[in-house]
Amino acid sequence: MKFLVDADSPHSLIDTFNKHGHDAVHVRDILGSATDDEIFEYANKNKHIIVTRDLGFAEKFIENKGFGLVLTRLPYYFTVDKINKIFDEFLEEVDLKGIINSITVLELGKYRTKKL
C-alpha cells in the first residue's frame, strides 16, 4: 500500500509505514509546498492514501471520491514518538484493503472507516 504523509504530520511516519512493508513518502519531499488541491490530485493519480490532520481533505474526499484518507485526530501536544506508536498499533490491526476509497479517522485508541 502507498501512503502520502501530509506536511502537518511527522516526517518520521514514513519509517513507521515502511516498517510495516508499505511505501510512504512525505509531501515536502516530493511536492514541496504544494496546495491541498495539488496534493489531492497527486495522491489520486498515484493511488496513495493521504495521511493528514487537515479536515479540508475530508471535504475534498466527500465531494470528489479520493483514493483514500487517514484523518488523524490526535491531541496536538502529542510527541512524535507517541504519534508514531499510535500509527504502529493502527497498522498492526487495520485491514488496509478496507481503507481504500474510504475516510478513516484515527483517534486515540480507536479508528473508524467510512466508505465513500
Side-chain angles (χ1 to χ4, degrees):
M1 190 73 56
K2 297 190 294 187
F3 292 89
L4 181 61
V5 179
D6 195 14
D8 63 3
S9 299
H11 196 278
S12 59
L13 276 179
I14 293 170
D15 295 333
T16 303
F17 283 104
N18 291 341
K19 176 178 126 181
H20 288 272
H22 305 294
D23 179 24
V25 292
H26 201 277
V27 164
R28 289 184 182 151
D29 292 341
I30 58 170
L31 297 173
S33 59
T35 66
D36 286 354
D37 288 334
E38 292 168 330
I39 293 166
F40 185 78
E41 182 180 327
Y42 177 88
N44 290 328
K45 180 180 175 186
N46 294 287
K47 297 186 177 179
H48 280 76
I49 294 172
I50 297 173
V51 177
T52 187
R53 293 178 177 260
D54 187 343
L55 291 173
F57 279 106
E59 293 172 14
K60 287 184 186 307
F61 271 78
I62 291 167
E63 293 172 8
N64 301 303
K65 305 256 181 175
F67 182 73
L69 175 69
V70 174
L71 187 60
T72 308
R73 308 308 300 155
L74 299 171
Y76 280 95
Y77 61 83
F78 269 24
T79 63
V80 169
D81 289 340
K82 254 187 173 174
I83 294 168
N84 287 335
K85 183 177 184 220
I86 289 168
F87 268 92
D88 189 45
E89 293 167 357
F90 168 70
L91 291 168
E92 286 178 8
E93 68 179 66
V94 70
D95 174 11
L96 290 176
K97 291 178 184 167
I99 68 172
I100 295 172
N101 299 318
S102 300
I103 296 175
T104 300
V105 179
L106 177 60
E107 297 176 293
L108 185 58
K110 63 183 178 178
Y111 68 91
R112 63 187 183 281
T113 300
K114 178 176 171 111
K115 282 283 187 197
L116 298 179

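Please read these numbers as outputs of a predicted model, since none were measured by experiment.
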- Cluster check I103, L96: I/L/V/M/F/W/Y, side chain < 4.5 angstrom: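 No: no chain of side-chain contacts under 4.5 Å links I103 to L96.
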
- Query: Going hydrophobic residue to hydrophobic residue with side-chain gaps under 4.5 angstrom, can you get from Y111 over to I49?
  - Reply: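 Cluster IDs for Y111 and I49 match.
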
Heavy-atom side-chain contact between [X] and [Y] under 4.5 Å:
X	Y	result
D37	K60	yes
L13	N84	yes
E38	L31	no
V27	Y42	no
F87	T72	yes
K19	L91	no

- Set of side-chain contact (heavy atoms from CB on, under 4.5 Å) partners for D81, sequence neighbours left out: T79

Could you state the interatomic distance from [atom1] ([X]) to [atom2] ([Y]), rounded to the nearest 0.5 Å?
X	Y	atom1	atom2	result
I86	L74	CD1	CG	4.5 Å
I99	K115	CD1	NZ	9.0 Å
H48	L69	NE2	CG	14.5 Å
H26	F17	NE2	CZ	11.0 Å
T113	L106	OG1	CG	9.5 Å
I83	L108	CD1	CG	11.0 Å

- Query: Under the side-chain hydrogen bond (donor to acceptor under 3.5 Å, both in side chains) rule, what pairs show up with a residue in residues 89-101, not counting sequence neighbours?
  - Reply: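 Pairs touching residues 89-101 that pass the test: none.
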
Show which side-chain atoms of residues 1-11 pair as donor or acceptor with protein atoms under 3.5 Å away, not counting sequence neighbours.
from: K2; atom 1: NZ; to: N46; atom 2: O; distance (Å): 2.7
from: D6; atom 1: OD2; to: T52; atom 2: OG1; distance (Å): 2.7
from: D8; atom 1: OD1; to: T52; atom 2: OG1; distance (Å): 3.3
from: D8; atom 1: OD1; to: R53; atom 2: N; distance (Å): 3.4
from: D8; atom 1: OD2; to: T52; atom 2: OG1; distance (Å): 3.1
from: D8; atom 1: OD2; to: R53; atom 2: N; distance (Å): 3.0
from: D8; atom 1: OD2; to: D54; atom 2: N; distance (Å): 3.2
from: H11; atom 1: NE2; to: D29; atom 2: OD1; distance (Å): 3.4
from: H11; atom 1: NE2; to: D29; atom 2: OD2; distance (Å): 2.7

Locate the shortest heavy-atom distance separating [X] from [Y]; write the atom from each residue and the value.
X	Y	answer
F67	F61	N-CE2, 3.6 Å
I50	A43	CG1-CB, 3.5 Å
G66	L116	N-CD1, 4.1 Å

- Message: Please evaluate residues H20 and D88 with respect to the criterion side chain to side chain donor-acceptor pair (under 3.5 Å), reporting the C-alpha separation (whole Å), side-chain torsions for both, the decisive distance (0.1 Å), and the verdict.
- Response: CA-CA 8 Å; H20 288 272; D88 189 45; 2.5 Å; yes

- Item | Test item: S102 side-chain N/O and I100 main-chain N/O as donor-acceptor pair under 3.5 Å |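 It does hold such a pair.
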
